[in-house]
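Below: one structure, written as structure tokens.
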Amino acid sequence: MTDLPRIDWPTLVVFMPLMGAMLAFVCPRQAAGLGLVAVLSTAAAVAALVLEVLAQGAVVTRLGNWGAPLGIDLRADGLSTLLLAMTAGVGIFVSLGALDSYAPMRADARTRRYFWPLWLLLLTGLNGAFLSTDIFNLYVMLEVIALAAVGLTVLSGRREAVRAGLEYMYASILGALLFLMGVGFVYLELGRLDFAGLIAAEPAPALTAAVALMIAGLLLKSALFPLHFWLPGAHANATAPASALLSGLVVKVSLYIFLRLTQYMPLPDELLVTLMGALGAAAILWGGIQALRAERLKLLVAWSTVVQIGLIFVAFARAGQLGLVESWKAAALLILAHAVAKAAMFLAAGRIKDEVGHDRIRDLDRSHIRPTLAQFTFALSAISLIGLPPSLGFAGKWMLMEGAMAAGYWHWIAVTMIGTLLSVAYFSRVLAGFLRFDRLRTPVGEHQGWALADAAPLILALSALGLGLAAAPILAFMEIGYPFGTTP
Amino acid sequence: MILDILALTLIALGAAFFVAGTIGLLRFPDTLCRLHALTKADGLGMGLTCLGVTLLAGSAGEIARILLIWFFVAASSAICGHLIARHVRRATDTEER
Amino acid sequence: MSSGMIFGLTGLAIFTIGLFGALVMVEPLRRVLALKLCSVGGGFMLVVAAWRAPPEVADPVPHALVITGIVVMISATAVALALIRRLHTLEHDSDD
Amino acid sequence: MADPLLIFDALLGVALIALAIAVLVVRDRFAMIVLFIIFGLMTALAWVRLSAPDVALAEAAIGTGLAGALMLKTLHHIRAAPAAPVPVSVGVVFANMGFCAMVFVGLAIAFMATSLEAPGLAPQVAQNIDASGVAHPVTAVLLNFRAYDTLMEVVVLLAAIIAVWMIERGIEQAPARHLGEIYRGFARLALPAIVVIGTYLLWVGAYAPGGAFQGGAALAAVGLLLLLSGLYRPQPAHRPIARLGFVLGIAVFASVALLVASGGRLPFEYPPAHAKTLILLIEGVVTISIAVTLAALFHGREPEAIPVSETRA
Amino acid sequence: MSTALSITLIVILLSILGGLIRILRGPSPAERMLAAQLFGTASVAMLLILSHLMAMPALLDVALVFALLAAVTLVCFVVLAEEERR
């Protein structure tokens, strides 16, 4: 603890959206304004935290000054801060998109009234989860996120959305409870719950059980292949900004926790690691096929999330048990790339649906109105998701394959290539429709709505492309505070 | 010592009433009879148990709380018996009509 | 055999029964109840972890965690039940 | 001869497992809920046997009482739905049964192999309890050592009530309920008694089992009784108060946590001289919030808003 | 003394477990509720005895909450059942 009077940024990063959520809930009429202010000020706090981390390495806050096993510490190292920054960045643009999407003429007052508190609570949970160093605290954060996310899923109030939301709720409660049981086993064996305790622990049967339970819960929450059943419905039926948040950010939390836990509590068996990779490969194939068959644009985008999660798990698997640091980083990079690009893509898909009036892929090229900018955005984010240079997705995939080649894991390279080809195939279904604009010889229709709504996803998509060029500094930043393989 | 034995007897008697209540609940033919068996049994069983535990209690605060519990259980048991009986009577009324 | 052992195994059994219910049941209410069983099983594990061998004083930290878990679970239950009611209303209305 | 209390424990364990199975297999849905409530009661007994009275209190009041009431309400709402719409194929059932049996065996082996020798955090709690401001260890953990968790748990409640208000819509006017004179008399007697008990639980939490959650749950029971008996009808005009009630606890809790962080202290680091006062303040407002939120969760729908229940009692 | 009390506890537990049959068999909700009422009261009795056996006066508070909760659930049941008939 320093004697200098300094503002404790990690705490503020969690508390600011919380305060915003309460204000937005108490004053429903001003919800949008208050919400935007809260998101922006949270982003400012994150920026300050980034600077602090750059200047002095990992930032640790001992809440209540009790210290780790008894109290709870917040810790912002490179990886956490990077994900916080990702959340803040995506959050700002999704908020801007939502401002338009839920504008008074498009959505009822109810939607507007509830979107902002729920989204800010979600942001609280996300930030809290990224900063947490205590597995029980992670459980609570997962529940904050889950409830807010379910709320966002059913925002439209339509029947399909409610049904998908209920399915999502079951999956996410069960995932959280598996995690809780794992926490119970950890306490049984170790008598403490902080990350430092996990790292210091000797292997024991109870810990193996704990790892198995927690990983099962996280896999369910992150929708790895056979456990993905809830995802497409939930993500495809939510309103566009909500889908962007769900697909871009919410799924990432469980991936992030998974990344952390497998660092601190290595999987007991190489076989399990390979199994996870195999499931990832299956997700790539199955998700790809489903995306090829999807009839609606948003459903296609949702299935593409399943594919991308599979890819991230392939990256995990490639790490083997000795934590080849390169591939953890590849996974983190892919998480980042997917968050930015998928948020942009969902927002763009939402814009297309708004303007054209439907999102049947087959008929997209027959509309009178051409939402050019949204289509352009969609194409840009597809580039990142497919993994073409210079996008961030490319950088992630490249690291993955480079590592795999170095270790001689050729089968993972083959899987990655097949996944790439599949994603080219299903995205080209949409993009081809965009290009064949002259099927109806009508003048290009006028734009409805506000330029900001197109600008927000466009900026996101552009940054997904552009960040690929900055992959090296991002990787360097990620390593601040040694998140990979060393004690915190 | 005598106090202990007295308390034990009271508690055992209370337990016996609980057993009787269960048997009544299982064996009696219709809802109202079962209700009758039950409220008598758990009223008395609870009362005797409370009395027994009071004899064993260490401090005045504990005794006060035990009495409060007894009072609360008795009141809620009575009102619940009443409500259920009412419910049953109304239900049979509607059936007969 | 000790109380901790007995209730630890009980908790595990309840958890697995709940897991089974959550996987197999189709009725919405029963699925929620199955999840609640799971949460009670998890609670058992933590309470047993607090109890240890014949305790002078039980470890208060897991107790606090279980209380937190209970409150979290009632929130989740309430939301799930609200979804069930809403879904029922929607489907019921569309049937008419 | 074995300790008879151990036999009691074993019986209780078997009863719990039997109840858990019964909850899942019993045909009648009402019986299912009743069995679940009883399961909760027995769970609380088991936790008492494990010397966890705080947890037993919370489980009985929140996990069983309120959850049971919620279930009954939901069952009442969806009673038109068929009891078991889609039968699952026997093969799936057996496959899952086998899987779950494997999970159980695996976990049981891991559990039996654990020595339970880790010291846990009890010594540290005991060491720091004097600095925490309260004498009861569980309250100290909840409101001081791990206050951040507790704050987030109240946030989960807030998220739940926001989600519930959003999910359930429509202005469905509940019919008036008449429960007769005796019930009214009971209510007149019981409601203040419950308020007293709730306050007592809150107050006693400083040095004995009890505290904000248990007290809040007891007060929420008052809200439930008021709502059920029609003595209180939520009005749309009460919504702002209700909203304030929901966020009050978090707002005060979070503000205190941040405001103490001046003069070289960290967030949540209460100055030792004022720790007791601050914790009592936080507990008080959190209790109110919990009570209002739980009652509102029971009520559901937004337009007819929620009482600050205690004032009407 | 404590052995005798423990045996009493076991007797009460066994007796209420017998009551389970009534819940499973029904037939009407009212009967199930009656059995639940018996469970509630018996649990309170068990808690009272346990509070002496385990020397934990705090269990009296738990018993108090049990008693309260039984009443609330019952009122909930009756009210909802009344509404249903209308």
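- Smallest separation of non-hydrogen atoms from D:Leu297 and C:Ala78: CD2-CB, 3.7 Å.
- Between C:Leu65 and D:Arg146, the closest side-chain pair of non-hydrogen atoms falls below 4.5 Å.
- Between chain C and the options D:Phe298, D:Trp47, D:Phe36, the largest number of non-hydrogen pairs under 4.5 Å is found for D:Trp47.
- Using a 4.5 Å heavy-atom threshold, the side chains of D:Leu12 and C:Phe7 count as touching.
- No side-chain heavy atom of C:Thr16 sits under 4.5 Å from any side-chain heavy atom of D:Leu107.
- The shortest side-chain heavy-atom distance between D:Phe104 and C:Ile17 does not fall under the 4.5 Å cut-off.
- Among D:Gln214, D:Glu59, D:Met71, the residue with the largest count of heavy-atom pairs under 4.5 Å with chain C is D:Met71.
- Contact between C:Asp59 and D:Ala122 at its shortest, heavy atoms only, is OD1-N, 3.4 Å.
- By the 4.5 Å heavy-atom criterion applied to side chains, C:Val61 and D:Val125 are counted as neighbours.
- With chain D as the partner, the residue from C:Gly43, C:Gly18, C:Gly41, C:Ala34 showing the most heavy-atom pairs under 4.5 Å is C:Gly43.
- Between the C:Arg30 side chain and the D:Leu24 main chain, a donor and an acceptor come within less than 3.5 Å of each other.
- When each of C:Val32, C:Leu83, C:Leu23, C:Leu33 is checked for heavy-atom pairs under 4.5 Å with chain D, C:Leu33 comes out on top.
- For CE of D:Met97, the number of neighbouring non-hydrogen atoms (other residues, nucleotides, ligands) closer than 6.0 Å is greater than 12.
- With sequence neighbours excluded, the residues that form a side-chain hydrogen bond (donor to acceptor under 3.5 Å, both in side chains) with D:Asp9 are C:Ser3, D:Arg49.
- Ranked by heavy-atom pairs shorter than 4.5 Å toward chain D, the options C:Val66, C:Thr77, C:Val40 are led by C:Val40.
- To the nearest 0.5 Å, atoms CG (D:Leu66) and CD1 (C:Ile74) are separated by 5.5 Å.
- Remark: D:Phe99 CZ is loosely packed, at most 12 non-hydrogen atoms of other residues, nucleotides or ligands lying under 6.0 Å away.
- A donor-acceptor contact closer than 3.5 angstrom is absent between the side chains of C:His88 and D:Thr74.
- From D:Ile21, atom CD1 reaches atom CG of C:Leu37 across 10.0 Å, with rounding to the nearest 0.5 Å.
- Atom CG of D:Asp54 sits about 5.0 Å away from atom CD1 of C:Ile67, to the nearest 0.5 Å.
- Residue D:Val25 touches chain C through its backbone alone, counting heavy-atom pairs closer than 4.5 Å.
- Among residues two or more places apart in sequence or in another chain, the side-chain hydrogen bond (donor to acceptor under 3.5 Å, both in side chains) test is passed with C:Ser39 by none.
- No side-chain heavy atom of C:Met73 sits under 4.5 Å from any side-chain heavy atom of D:Ile62.
- Taking D:Pro123, D:Ala46, D:Gly40 one by one and counting their heavy-atom pairs under 4.5 Å with chain C, the maximum is reached by D:Ala46.
- Heavy atoms of D:Ala108 lying under 4.5 Å from chain C belong to its backbone as well as its side chain.
- At a 4.5 Å heavy-atom cutoff, the contact between D:Phe39 and chain C is made by side-chain atoms alone.
- D:Arg29 contributes atom CZ, which lies 6.5 Å from atom CG of C:Leu29 (distance to the nearest 0.5 angstrom).
- Contact of the C:Phe20 side chain with the D:Val103 side chain is not registered, since no non-hydrogen atoms from C-beta on lie closer than 4.5 Å.
- The NE2 atom of C:His63 lies 12.0 Å from the CG atom of D:Leu57; values are rounded to the nearest 0.5 Å.
- The greatest number of non-hydrogen atom pairs below 4.5 Å with chain C, out of D:Ile290, D:Val154, D:Leu70, is found for D:Leu70.
- A donor-acceptor contact shorter than 3.5 Å is absent between the side chain of D:Asn96 and the backbone of C:Val24.
- Interface remark: D:Phe8 contributes no atoms to any contact with chain C (heavy atom separation under 4.5 Å).
- Heavy-atom distances place both the backbone and the side chain of C:Phe44 under 4.5 Å from chain D.
- How far CD1 of C:Ile70 is from CZ of D:Phe213: 10.5 Å, rounded to the nearest 0.5 Å.
- Within the 4.5 angstrom heavy-atom criterion, atoms from both the backbone and the side chain of D:Val26 approach chain C.
- Listed options C:Leu19, C:Leu81, C:Ile14, C:Leu87 were ranked by heavy-atom pairs under 4.5 angstrom with chain D; first place goes to C:Leu81.
- Considering every non-hydrogen atom in both C:Gly4 and D:Phe111, the closest pair reads O-CZ, 4.0 Å.
- Interface remark: of the candidates C:Val79, C:Val72, C:Thr68, C:Thr68 forms the most heavy-atom pairs closer than 4.5 Å to chain D.
- Looking at D:His77 and C:Thr89, their side chains come closer than 4.5 Å, going by heavy atoms from C-beta outward.
- Across all non-hydrogen atoms, the minimal contact from C:Lys36 to D:Ala67 is NZ-CB, 3.5 Å.
- Scanning all heavy atoms of the two residues, the minimum distance from C:Ser75 to D:Leu157 falls at OG-CD2, 3.4 Å.
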